Structure formats: structure tokens, C-alpha cells
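Have a look at the structure below, then the notes.
Model, not experiment: these values are computed from the prediction.
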Number of protein chains: 2
Amino acid sequence: MTEQAATTGAGAEPAATARGAQTRQLILDTALRMFKEHGYAATSMRAVAREAGVAVGNAYYYFPSKEHLILRFYDDVQAEHRAAAAPVLAGSTEFADRLAGVLHAGVDTNAPYHAFATSFFKVAADPDSPLSPFSAESAGARQASIALFAEALDGSTIKVDAQLREELPELMWLAYMGVILFWVHDRSPGQRKTYLLIDRAAPLLARLITMSRLPVLRPLIREALDLLRHLRHRT
Amino acid sequence: MTEQAATTGAGAEPAATARGAQTRQLILDTALRMFKEHGYAATSMRAVAREAGVAVGNAYYYFPSKEHLILRFYDDVQAEHRAAAAPVLAGSTEFADRLAGVLHAGVDTNAPYHAFATSFFKVAADPDSPLSPFSAESAGARQASIALFAEALDGSTIKVDAQLREELPELMWLAYMGVILFWVHDRSPGQRKTYLLIDRAAPLLARLITMSRLPVLRPLIREALDLLRHLRHRT
DNA sequence: GTCTATAGCAAGATAGAC
DNA sequence: GTCTATCTTGCTATAGAC
């Protein structure tokens, strides 16, 4: 079992001594609890500090900004995601099952936070925010997540066009982002529509990927991949 | 100049008397000018009020929040989209050209404001906000936009599977939302990557849509459409 | 290296008098 | 409708204690 998700390059948040680590954890836990209870926007740094029994300055000593509190939270969720996905990755070699399983696990780990996920989703939507899934600061968590999808692909028996296979883990991660986007907007009880989407779209994608080697589709796929490579890099 | 864009159901912003309407317009014009000059974040409500020669409270009397100032602005831009798309819709019957043309027009009209478009985007990304493109309140604007894509489709010579054709305008609009999402994150000079995406993805989509009638793809398309119908309605 | 206390800034937003 | 005064909040600064 992999213990360590790659850490976000979020910058040093001091925790040299044991006492320091404890204080930092206290602040983080307090903040996340309050976020869950009252939402992100409605929870002020002053309130977090008061509730945790520390000075405001102390909170800022450990976390450069309010948003960085959530960044840490992302890391935790990502680590849980991998753990939650482990069973299905050990149990099936069917691509559709493995993909659906990892997506399921992703939504499951986020489920307890659906209520306040919306309140900080708008923060994550800002391209300039370190919270953006595309930002440099979240590169660590992103790479760890992509690696999880690579694992889902590699352990499957699906036959994939060689060029497509190279890009597929990142594309699967993109699909995951799409699922999260849907999930955030999903108002059905228990977000059951999101699960419906996963369970029915995964086999569809598996069939489409299998068909990627057909002569009719291959040139289309190749051109799409070429476009993707042009678009990927910044600037 | 088009007076009325489809209104966002953004709520009443008082303009009872003639003088009131004048004051409101003054505040709006001043704000938009300053946004364009210095960006959204760098323009404070105090500065807007001072520049317009009114009190801060007065600005808030007409606009519930700083973000609502942008909303009004966005309405104006939206109105330009249809006008900007008119030439290409009158000039070609090729589906790829028409789709690319409408998408181009959409990005073009937004282009001058890319720098502070992210500010609006943050608000629109919040599922609870009436400004969300998926919200009930923005249904009017959304339908108008979808109608524009329906026009792009109907005026083209492309052959489409009957069931797919029914859903295609909405799917094209969804693709447009995706393009905007990409555009907001696009840091390349002049957002040239967004134009690259449009110009190369549109022909690809056209080919894919044409192929939707092939026996290999048809069942896949049918199932995807069935899923789409299950997911569309709220709750 | 940790942590407190307090003061203060600029900004978004509001209350209530006129 | 319009103003002034005030509140709240993210965040910074400083100075010092253990």
C-alpha cells in the first residue's frame, strides 16, 4: 500500500518541532470542521483562531492564506482516494470496472463535504488561485491523482492504440474533473445522478477506447491527440 | 445597438425615477471604464464611487455587490455575440465553419476583457449563484445561446442521426462552455491556443458527427444520448 | 522555533439618518 | 435616493515572551 501521496509544492509550512506539528494540525482540523459546519466563506480566520485557542498570527504562521488551509485538505482527500480505490484495483482487470471504481472512490471520499464543496468550488475555479486543479501549487496532488488513473489503466486487459495509451491517464483525470464538476452541481438525493453518470459512462468510454484502433476512427484519434499535445504546455 | 439581451433573472436593481436611472448608468459606466483600465481586483468600490462623484452606499443601492456590476457588463457582451456570429452564419453552409464561426465570435466578443473575465467566472462557477450558466435564473440567456447554435446546425448541410440532431444544439452549447472554461485558463499571448482549439476541434467534431450514422458508432451514440436524457432534469 | 497580543490597512458591504 | 459612519474580514506588522 502506498503511504505517501506526492506533497503539493505548496511551500514550506513550518513544523519543525513536535509541538509545532500538533498546533498546526489543531488549526487545520478546527478550520475544516468549521468549513463543514458553516461553509468556507462564512468561516473567518479570526473565528478559526478563536475556536482553536490560538492567536490569528499563529494561524498565519502555519498557513500563508485561508486558501492554503483547503490546499492541505485536498492532499488529505487525495490520500483517502487512493486508499478507497485500492480494493477495486486489486479485484478486477476489466477497464470499465477499474475506471468506474476509481471514479466511485473519488466521489465517495468527497461526499461528506458536498455541502461546503460548492462554497469553495468558486475559489478553485479561479485560474489564479493556488486551489485551481490546474495550478502549479496543486501539481503534486494532480500528479498523484493521474498516477492513480495510470494504475487503473495498466492493471487492465484493455487493448489501446499506443499513442492514445500514453495520454490516457491524463485524459481519465480530466474526465474525473468533469465528474467532480457535475457532482458539485448535482442536487439529486445522495448525488445519485453522479453515480449514474459514472456507471453508465465508464463502459461507454471503454468501448470507445477499444474502437480507437479501428481504421475508421484511428486518424481522428491521432489528430485529436496531436491537438492535445499542442495545447498542453503553458504559453 | 441591441437594447435588450435576454435578461438574467438577477433581481431588481432600482431605477424608478429618471434621475435614478441616470445615476445608475453613471455608476455602471464609470465602473466598467475603470475595470477595463485597471482590472477588476484593482478597482475598489470606493474608487468607483469617488470617480463617479457619488457615495459608496449609493453604488450599493443600485448594485447589490461588486460582482453584479460585472453581470450587467456581461449581458452587454452576450448581446454582441449573436451580432458577431451573423456574418459567418450568412456566409457558409459547412457545419465545421459555422460551428467554428460561432465559437470564434463568442471568444472574440469576450477577448478585450480576458484579464478580468476570471472575476466573473468565479461567480458563475458557484452552482448556487443565479449567475451560473446552469441556473434556473439564467435559463433565458442559456436558451438564447442554444438557439444560436441550433441556427448554426440548421443552416448547415451536415447529415446527422435523427436522435443526435435533437440534442446537438445543447451539446454544442456545452462545448462552448468548455471553450470558455479553457479560454479563462488560457495564458498564451492573445489566447491563441483557444483559437487553435476551436479551429482544429470543430472539423474533428464535424467528422465525428457525420460518422455517428455508421453502424459501428450508432449504438454507442444512442446509449450516450439515453444517458444524457436521464441526467438532464434536476433532482 | 513557537506563540501571543494588539494595532492597523484596505476592501466589501451595511445601517440608519436626512 | 443619497449620504456618512461603521462593521467585518483577509491579511500584515511589530514587539516581545517562552
Side-chain angles (χ1 to χ4, degrees), chain A residues 10-32 34-35 38-72 116 119-120 122-124 126 128-131 137, chain B residues 10-28 30-31 34-35 38-73 116 118-120 122-123 126 129 131:
Chain A
E13 293 158 358
T17 72
R19 185 173 62 123
Q22 196 181 1
T23 304
R24 194 178 83 170
Q25 199 59 44
L26 171 66
I27 293 168
L28 183 59
D29 291 342
T30 306
L32 296 184
M34 295 180 76
F35 288 162
H38 317 296
Y40 176 75
T43 305
S44 72
M45 289 298 273
R46 283 170 175 83
V48 170
R50 187 181 347 103
E51 190 82 359
V54 301
V56 193
N58 202 5
Y60 277 100
Y61 177 74
Y62 287 107
F63 302 94
S65 80
K66 189 180 172 184
E67 291 182 356
H68 279 76
L69 279 169
I70 297 191
L71 250 187
R72 285 301 313 223
F116 89 94
S119 65
F120 75 77
K122 52 187 304 187
V123 183
D126 180 357
D128 298 321
S129 167
L131 268 184
E137 286 89 341
Chain B
E13 293 157 357
T17 72
R19 185 173 63 123
Q22 195 180 3
T23 305
R24 194 180 82 171
Q25 200 60 42
L26 171 66
I27 294 168
L28 183 60
T30 307
M34 295 180 76
F35 287 163
H38 313 112
Y40 175 75
T43 304
S44 72
M45 290 298 274
R46 283 171 176 79
V48 170
R50 186 177 353 101
E51 191 83 359
V54 300
V56 197
N58 203 3
Y60 278 99
Y61 176 75
Y62 287 106
F63 302 94
S65 80
K66 190 181 173 185
E67 284 162 348
H68 278 76
L69 246 5
I70 295 196
L71 175 64
R72 285 303 311 226
F73 168 74
F116 70 90
T118 68
S119 315
F120 173 82
K122 284 183 63 167
V123 188
D126 181 358
S129 167
L131 309 192

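Comparing B:G20 and B:G57 by the nucleotide of DNA chain D that holds the closest heavy atom to each, the one mapping nearer the 5' end is B:G20.
Minimum heavy-atom separation, A:A59 to A:I27: CA-CD1, 3.9 Å.
We find the CE-CE distance between B:M45 and B:M34 to be 11.0 Å, quoted to the nearest 0.5 Å. Between atom OG of residue B:S44 and atom NE2 of residue B:H38 there is a gap of 11.0 Å, rounded to the nearest 0.5 Å. We find the CG-CD1 distance between B:L28 and B:I70 to be 11.0 Å, quoted to the nearest 0.5 Å.
A:V56 comes within 4.0 angstrom of nothing in the nucleic acid, heavy atoms only. Among the heavy atoms of the strands lying under 4.0 Å from A:A15 are primed sugar atoms or P, OP1, OP2 only; no base atom is included.
If you walk DNA chain D from 5' to 3' and mark each nucleotide with an atom closer than 4.0 Å to a heavy atom of chain B, the marks span D:dG1 to D:dT4.
Contact check for B:F63 versus B:R24: side-chain heavy atoms found under the 4.5 Å cut-off. The side-chain heavy atoms of A:H68 and A:Y60, taken from C-beta on, include no pair separated by under 4.5 Å.
For the helix from C:dG1-D:dC18 to C:dC18-D:dG1, the end axes, each set by the C1' atoms of five terminal pairs, are bent relative to each other by 20° (nearest 10°).
One atom, CE of A:M45, and another, P of C:dA5, lie 17 Å apart when rounded to the nearest Å. Protein atom CD1 of B:I27 is 15 Å distant from nucleotide atom C1' of C:dG12, rounded to whole Å. Going from atom CZ of A:R46 over to atom C1' of C:dA7 covers 11 Å, rounded to whole Å. One interatomic measurement links the two molecules: OH of B:Y62 to P of C:dG12, which rounds to 20 Å at whole-angstrom precision. At whole-Å resolution of the value, OH in B:Y60 and P in C:dA13 are 4 Å apart.
Remark: A:K66 is not positioned above the aromatic ring of A:F35, lacking an NZ or CZ atom under 6.0 angstrom from the ring centre and at most 45 degrees off the axis.
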(message) Assess the residue pair A:Y62 and A:Q25 against the criterion (side chain to side chain contact (heavy atoms under 4.5 Å, CB included)); give the C-alpha distance rounded to whole Å, side-chain angles, the decisive distance to 0.1 Å, and a yes or no.
(response) CA-CA 10 Å; A:Y62 287 107; A:Q25 199 59 44; over 6 Å; no
